[in-house]
Q: 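Right, I'll just put the structure down here and ask away after.
We number each residue from 1, following the sequence as shown. Quick note: numbers below take in every heavy atom, side chains included, and nothing from hydrogens, waters or symmetry partners.
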Amino acid sequence: MDGGCSASSILRKIVAQRLLQDSSQLTELLWTYTHPAMPHRRISLFLCSCLTGRLTSTTEFYRSAPFTSQSMSAGSGTFNSSNSIQEQNRSPLQNSNKIEVFIHPSAQQRLYYESEYESGPLRFIQGPEVPTEQNGKEYKYPAIRVLLEYCDLIPSYYIRVTLTTIQQGDGRRYIHPNRFITPDEEEDLEVLRNDKSLFYPIKKERVDANRIMEFKRLVMITNKLNKLKEYTSLVSFETNEECPITVQRPRDTINEYQLHKSQLAFSLGQFIDANHFYSIQTIFSDVMEETKDGRSKDSRYTVKSTVASKLYDNFTQDGAIDSKKWKFVEDNGIDVWDIHTKQYYTTNVLTNARCQNNHLVIEARNNTNKGPEFTSARLRCKRAFLYGRLEIRAKLPDAKGTWSSFVLVPAERTYGSAMWPDNGQINFVSHVGREPTIIRSSVFIQSNNPRLGDIPFYTADVPDATKSFKTYTLIWSPDEIEMFVRMKDTDKDDRRIFLWEKNDRDWTFWPFDKPFHLEIALDVGGDVAGNQIDNHLFPQRLEIEYIHYEKTH
């Protein structure tokens with residue numbers, strides 16, 4: 001080393017300085033010997049990071065951040081070593097709060113998939129619903145406050161923005177596996193990118209008079225479960241090390257690492273060279289949670305529900321579904337239960353759901369656009385039911401790969417720590433095309449559900465279930481649930497498929513004392529329907545002649 005900067009001299013000075021109580025002097029010494037203009041700065045940084053554990057909260061050792069050839073132009077990450085150390089020491093390195101979060105992202109962010117990003121309007125990470133006002137200016141996206149002294153310095157300071165997991169039980173954070181980008185458009189040309197982070201230069205045109213730097217165009221793209229299967233490890237945010245994933249199934253990975261939640265990490269720093277970023281301070285946003293509609297996971301059920309005393313829908317008006325009675329459940333391809341279905345549910349698309357010839361028609365079709373292989377629909381009755389008699393007269397599709405279901409889901413969370421399975425699910429009718437004559441009925445509760453591998457399905461053999469309309473009946477009282485099928489229209493008695501009794505058991509066996517909504521769906525493929533699909537027989541229809549409900553208790 002030249003200029004008296006031998007490793008031994010650095011080591012002696014650091015050890016001596018570490019005995020001082022004034023940590024700011026230690027910070028200044030470290031900056032002097034780790035400044036990009038100093039020769040052998042990497043060795044200095046390494047020694048400092050090893051010997052000064054007290055500085056980890058304010059001075060992070062640089063993390064490797066390799067760039068692709070497209071993400072950084074020639075020379076854009078290098079430093080002008082002609083600037084003197086004295087000039088650099090005029091920058092505000094000794095201020096304890098160099099950056100702080102001004103606007104946190106909204107606690108709920110709507111799920112956003114690759115297919116939507118490629119074909120639909122851009123959706124950015126949002127701030128709170130009510131914009132924040134400062135000196136007459138409104139802010140509605142995540143934002144930080146920055147000291148103006150960092151603007152337009154040479155070499156440039158940057159704010160690195162990284163999507164991380166929330167802090168784990170062992171104290172670690174990981175780089176979140178969701179894709180995190182900003183559109184490559186003219187206003188973002190100066191933003192540097194790699195596969196983990198975005199780097200924003202601190203310039204006066206980005207930092208306003210309120211010292212606010214707002215991030216208006218951050219995009220978080222959700223990984224589907226089949227994509228998560230490719231991950232065998234996660235990258236530590238603190239050390240950049242690959243850490244093996246300790247569970248096998250993608251759904252377990254999401255639960256183990258709470259991947260439905262994330263945070264934005266904002267780091268102030270400079271590039272040591274074209275491939276390495278030295279962070280001076282890092283702060284974290286509040287936690288974001290990904291949901292289907294930008295609301296909390298349980299909020300789709302927690303809105304106030306009107307409990308019906310009667311419901312009659314004979315679907316006599318051709319055309320669109322009656323929006324006063326029904327709403328579409330949209331998922332854009334999310335495989336909610338890790339059962340690998342191959343359709344996604346559309347909204348207000350007549351080819352997938354309509355009233356036609358006095359029937360409700362839900363139609364699964366081959367998808368000719370990008371995304372999942374099939375399109376279909378899932379409808380939820382807006383009125384909730386609590387006890388009574390529910391009749392559905394329907395004809396079911398017979399192609400291999402189809403799965404028709406009539407289910408009742410809870411209107412709100414009442415029991416346990418999770419909506420499902422703690423609050424129950426009534427599987428009124430479940431039918432798969434590969435077994436065209438079999439009708440299944442069951443309930444899911446905390447003590448028996450697919451997660452436990454204990455699902456007592458009950459079946460009935462209905463030879464013409466896919467050829468003729470059949471009447472399926474649910475009778476629900478405070479003490480029991482019964483499900484029936486009428487084998488022939490001339491029969492006086494229906495055949496019982498399933499009986500579930502309360503027998504004075506607690507909510508883990510009987511959560512069925514609260515209102516439930518009816519959902520009707522036609523799925524394709526996956527673990528339930530099977531992946532032997534009669535593609536040539538599509539489109540396939542689930543047809544319903546009427547739905548009648550009367551409250552009896």
Q: Salt bridge check: are Asp461 and Arg495 linked by an N-O gap of less than 4.0 Å?
A: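 No, no charged N to carboxylate O under 4.0 Å.
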Q: Could you verify whether a donor N or O on one side chain and an acceptor N or O on the other, from Thr341 and Asp523, lie under 3.5 Å apart?
A: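 No pair is found: no donor N or O on one side chain lies under 3.5 Å from an acceptor on the other.
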Q: Would you mind telling me which of Phe428, Phe516, Tyr549 makes a ring-ring contact (aromatic ring centres under 6.0 Å, His included) with Phe385?
A: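 The single option meeting the ring-ring contact (aromatic ring centres under 6.0 Å, His included) with Phe385 is Tyr549.
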Q: Are Asp313 and Trp326 side-chain neighbours, meaning at least one heavy-atom pair lies under 4.5 Å?
A: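 Side-chain contact under 4.5 Å: yes.
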Q: Hydrogens and angles aside, do Tyr345 and Arg378 bring a side-chain donor and acceptor to less than 3.5 Å of each other?
A: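 Result is yes, a qualifying pair exists.
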Q: Decide yes or no for Pro397 and Phe538: does some side-chain heavy atom of the first lie under 4.5 Å from some side-chain heavy atom of the second?
A: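 No, their side chains stay 4.5 Å or more apart.
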Q: Counting the benzene-type ring for Trp, do Phe315 and His359 have ring centres under 6.0 Å apart?
A: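 Ring centres of His359 and Phe315 not closer than 6.0 Å.
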Q: Is it true that Glu391 and Arg389 have a side-chain N and a carboxylate O under 4.0 angstrom from each other?
A: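 Salt bridge: yes.
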Q: Do we get Lys224 above Tyr113's six-membered ring, with its NZ or CZ under 6.0 Å from the centre and within 45° of the axis?
A: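 Because its charged atom sits under 6.0 Å from the ring centre and within 45° of the axis, Lys224 does stack over Tyr113.
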Q: In plain terms, say whether Glu363 and Arg354 are close enough for a salt bridge, that is, a side-chain N and a carboxylate O under 4.0 Å apart.
A: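 Salt bridge between Glu363 and Arg354, a charged N being under 4.0 Å from a carboxylate O: yes.
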Q: Charged N to carboxylate O under 4.0 angstrom, Glu114 versus Lys227?
A: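 Salt bridge between Glu114 and Lys227, a charged N being under 4.0 Å from a carboxylate O: no.
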Q: Between Lys467 and Asp464 (salt bridge meaning N to carboxylate O under 4.0 Å), is one present in this structure?
A: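 Salt bridge: no.
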Q: Listing request: all side chain to side chain donor-acceptor pair (under 3.5 Å) pairs with a residue in residues 472-483, at least two apart in sequence or in separate chains.
A: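 Counting only pairs at least two positions apart or across chains, the side chain to side chain donor-acceptor pair (under 3.5 Å) contacts touching residues 472-483 are Glu482-Arg496.
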Q: Less than 4.5 Å apart, side chain to side chain, heavy atoms only: is that true for Arg193 and Val191?
A: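 A side-chain contact under 4.5 Å exists here.
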